[in-house]
Amino acid sequence: MNLKGKGIRSFIGALGLLLVMGTAGSALAAQQAKDDWVIFASGGISGTLQVIGLPSLQTFKLIPIGVDTHEPVFSGSNKPGTNGTPDGKYVFINDKGDSAVGIVDISTQELIRKINIPGPFGPHHIALTPDGKTLFATGELSGKMAKIDIASGKVEVIDVSDGQESAPDYLLVTHDGKYCLATDYYRSGVHVIETDAFKRVKFIPAGKNPHGIDLTMDGKYAFVAGKLSGNIPVIDISKMEVIKEIDLTPAVPGFAKSAAPGPLHTVFTNDGKWAYTTLFVDNAVAKVDVEKMELVKKIPVHYRPGHLQITPDSKYIAVFNKYSTGLFAGSISNQDPTNVELIDLATEEVIARAATVPEPHNAKIIKADAVLGYLKAPLPKEGHDSLWPPHRDPNVVARLIPEDKGAPGVSKRPDGVVEVRIQEFSYGFKPDTVTVKKGDKVRFILTNIDQATGLTNDPAPVHGFIINEYGLQTNWGVPQGKSVVFEFVADKEGKFAMFCSYFCGPLHLEMRGWFIVEG
């Protein structure tokens, strides 16, 4: 395997992701015609927007966006349901690694515009207002929130950290458009933002280290995923307070009592009766009776589910899993490759599985015939050569080398290069703060020293690495027992978050540090 030139990108492409799309374009078009639905899914550290047929789960196209994509949102309206009410024109998708929001034309399946958010910011997710004119974004890496006028590209930013460690995470806009609610992972609660005035009016304690937040179909309640509390705090939108906590730890058929099931994200059937929540630690999707607000059952998936999405007809759920331990021939890690599974809600069983690019975040689903021009979108004559798009800085080359044994730290070499040795592990960096001067040529040597995944004891994960605002130059992955070497010039002054970009376990979001460039 050649690890020079395209370097580590070639290596990660070989992490079970050499899914050669050798099928002729006409065959792909024929398959498109058989799929009732189209999934637009974030491509994570592939920096893409994935276009996937459903129920075939075949990836038709990867649309290059940037560095680290997380949340696709259809243009149109934000109601009802987690897919919104799309008009079939555009997909908005945030780029956490580049502090931007991309706009994709669905008819051509091409990126047509990017809106930059003043950095450092690190947008984790975005949400649309009912009138389709405004996006809100959470600044996971900055403790900030952004309000984006789509037409003009004007961006307003407010700080909601209150001077504390803060990580605004997932968000929603209420169906009346008056409020934006955003979980804060570090502060264990939910920010309530008045949308017109764009100011925080309340903070609601909710669970421990909450992650996802989703509206019920009638818009009356917000289900919060209490990641480390193992429950779903339910917020009454009319009262803006938690009225119930749905316990996800009890034993149910096929599953023993779980002290830490790890809830992450929730979707609802279109009749509003049932909620389905991913349980990362339990390797399952929980089914919840919405009216009773009680756990009903758990559906096993393979493995470590993160995001999920339901078809608007409530026939299928697509579950995006962070790990695929032992499922794919030739895989070399527990995340090699990530995958999407399809649950048939008539039987509540997994009926299909396919590999995806690393590592999947959220997705939205739209009726195939509602996508303007979708079936006529041009495809390469011989299909796609690979599921890995070229979106690197061509001046930066990474090398995969045997495990570096040097002591972690920062030193200046005789040739003037600033050498930074960082050890990556569940869940942190050593050192976690790196300071250089503007104009320095910096050589990073990243080493993954993990022996197993923290808390879950899965096989050692791949750890990612990105420096926000330096995304295209610093977006690399490091397998266990290996090191990655790359160089770039620190040409932007400021304090920038460096973070693990590959979902490496339950406390992945806590794997953060700082890259400081002094003038």
Side-chain angles (χ1 to χ4, degrees), residues 8 44-45 68 96-97 120 122 124 139-143 161 164-169 184-188 208-211 227-228 260 262 264 280-281 304 306 322-323 333-335 358-359 403-411 418-436 442-471 474-486 495-517:
I8 188 63
I45 58 171
D68 185 16
K96 176 180 169 183
H124 195 108
E140 178 203 331
L141 304 177
S142 59
S161 69
Q164 304 176 42
E165 190 169 26
S166 173
D169 204 348
D184 193 312
Y185 179 84
Y186 278 118
R187 298 184 64 185
S188 293
K208 180 172 174 55
N209 300 95
H211 199 54
K227 182 175 180 179
L228 298 187
L264 295 182
F280 179 85
V281 178
R304 308 301 180 201
K322 305 292 189 182
Y323 295 179
S333 84
N334 57 340
Q335 301 154 305
E359 45 93 1
E403 183 175 357
D404 178 72
K405 298 296 184 181
V410 181
S411 62
V418 177
E419 196 165 79
V420 180
R421 280 184 160 87
I422 290 182
Q423 293 179 342
E424 296 188 282
F425 53 89
S426 305
Y427 297 94
F429 300 111
K430 183 179 181 180
D432 61 6
T433 301
V434 173
T435 302
V436 301
V442 184
R443 177 184 300 132
F444 270 83
I445 304 174
L446 305 175
T447 303
N448 182 344
I449 63 171
D450 257 341
Q451 298 301 309
T453 301
L455 297 184
T456 62
N457 205 37
D458 289 301
V462 174
H463 285 301
F465 186 82
I466 292 178
I467 299 175
N468 186 235
E469 308 294 321
Y470 282 87
T474 63
N475 182 12
W476 310 112
V478 191
Q480 189 270 337
K482 303 290 184 182
S483 298
V484 169
V485 183
F486 61 94
K495 182 178 181 181
F496 307 99
M498 55 186 188
F499 60 96
C500 178
S501 54
Y502 214 127
F503 199 100
C504 55
L507 300 186
H508 161 70
L509 287 180
E510 298 187 22
M511 196 168 167
R512 303 200 317 195
W514 297 102
F515 181 63
I516 301 170
V517 182

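Computation of the quantities below employed the complete heavy-atom set of this structure, encompassing side-chain atoms and omitting hydrogens, waters and symmetry-equivalent molecules.
For Gly406 against Asp404, the heavy-atom pair with the smallest separation is N-OD2, 3.2 Å. Heavy-atom minimum distance, Thr447 versus Ser483: OG1-OG, 2.7 Å. Nearest heavy atoms, Asn475 versus Ser501: OD1-OG, 4.1 Å. The heavy-atom pair separating Pro431 from Gly409 by the smallest distance is CD-N, 3.8 Å. The shortest heavy-atom contact between Ser426 and Pro461 is OG-CG, 4.3 Å. Taking each heavy atom of Ala452 and Asn457 in turn, the nearest pair found is CB-OD1, 3.3 Å.
Between Arg304 and Thr456 the shortest side-chain heavy-atom distance falls below 4.5 Å. Taking the side chain as every heavy atom from C-beta outward, Glu424 and Asp450 never approach each other to under 4.5 Å. The shortest side-chain heavy-atom distance between His463 and Gln480 does not fall under the 4.5 Å cut-off. When side chains are defined from C-beta on, Asp68 counts as touching Phe499, because their heavy atoms get closer than 4.5 Å. In this structure, Val462 and Cys504 have side chains that are not in contact, with every pair of non-hydrogen atoms separated by 4.5 Å or more. Within the 4.5 Å cutoff, the side chain of Ser161 has no heavy atoms near those of the Tyr186 side chain. Side-chain contact between Ile449 and Glu403: present, with at least one pair of heavy atoms (C-beta onward) separated by less than 4.5 Å. At a threshold of 4.5 Å between non-hydrogen side-chain atoms, the residues Leu264 and Lys227 count as touching.
For residues 427-436, no residue pair satisfies the side-chain hydrogen bond (donor to acceptor under 3.5 Å, both in side chains) rule, not counting sequence neighbours.
Once rounded to the nearest 0.5 Å, the distance linking CZ of Phe503 with OG1 of Thr453 reads 10.5 Å. Separating the CD atom in Gln423 from the CG atom in Asn448 is a distance of 10.0 Å, to the nearest 0.5 Å. Atom CG of Asp184 sits about 9.5 Å away from atom CD of Glu165, to the nearest 0.5 Å. Summarising the geometry, atom CG belonging to Asn334 is positioned 5.5 Å from atom CG belonging to Asp458; distances are rounded to the nearest 0.5 Å.
In terms of the side-chain hydrogen bond (donor to acceptor under 3.5 Å, both in side chains) criterion, residue partners of Glu359 (sequence neighbours excluded) are, by chain and number, Lys322, His361. Considering only residues two or more places apart in sequence or on other chains, Phe486 meets the ring pair (Phe, Tyr, Trp, His ring centres under 6.0 Å) condition with Phe444, Trp476. Judged as a side-chain hydrogen bond (donor to acceptor under 3.5 Å, both in side chains), and not counting sequence neighbours, Tyr470 has no contacts. Shown here are the side-chain hydrogen bond (donor to acceptor under 3.5 Å, both in side chains) partners of Ser142, two or more places apart in sequence or in another chain: there are none.
Thr474 contributes no side-chain N or O that, together with a main-chain N or O of Ile466, makes up a donor-acceptor pair within less than 3.5 Å.
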Show me, pair by pair, the donor-acceptor contacts under 3.5 angstrom made by side chains of residues 506-516, not counting sequence neighbours?
from, atom 1, to, atom 2, distance (Å)
His508, ND1, Tyr502, O, 3.2
His508, NE2, Cys500, O, 3.4
Glu510, OE2, Tyr185, OH, 3.0
Arg512, NH1, Glu140, O, 2.5

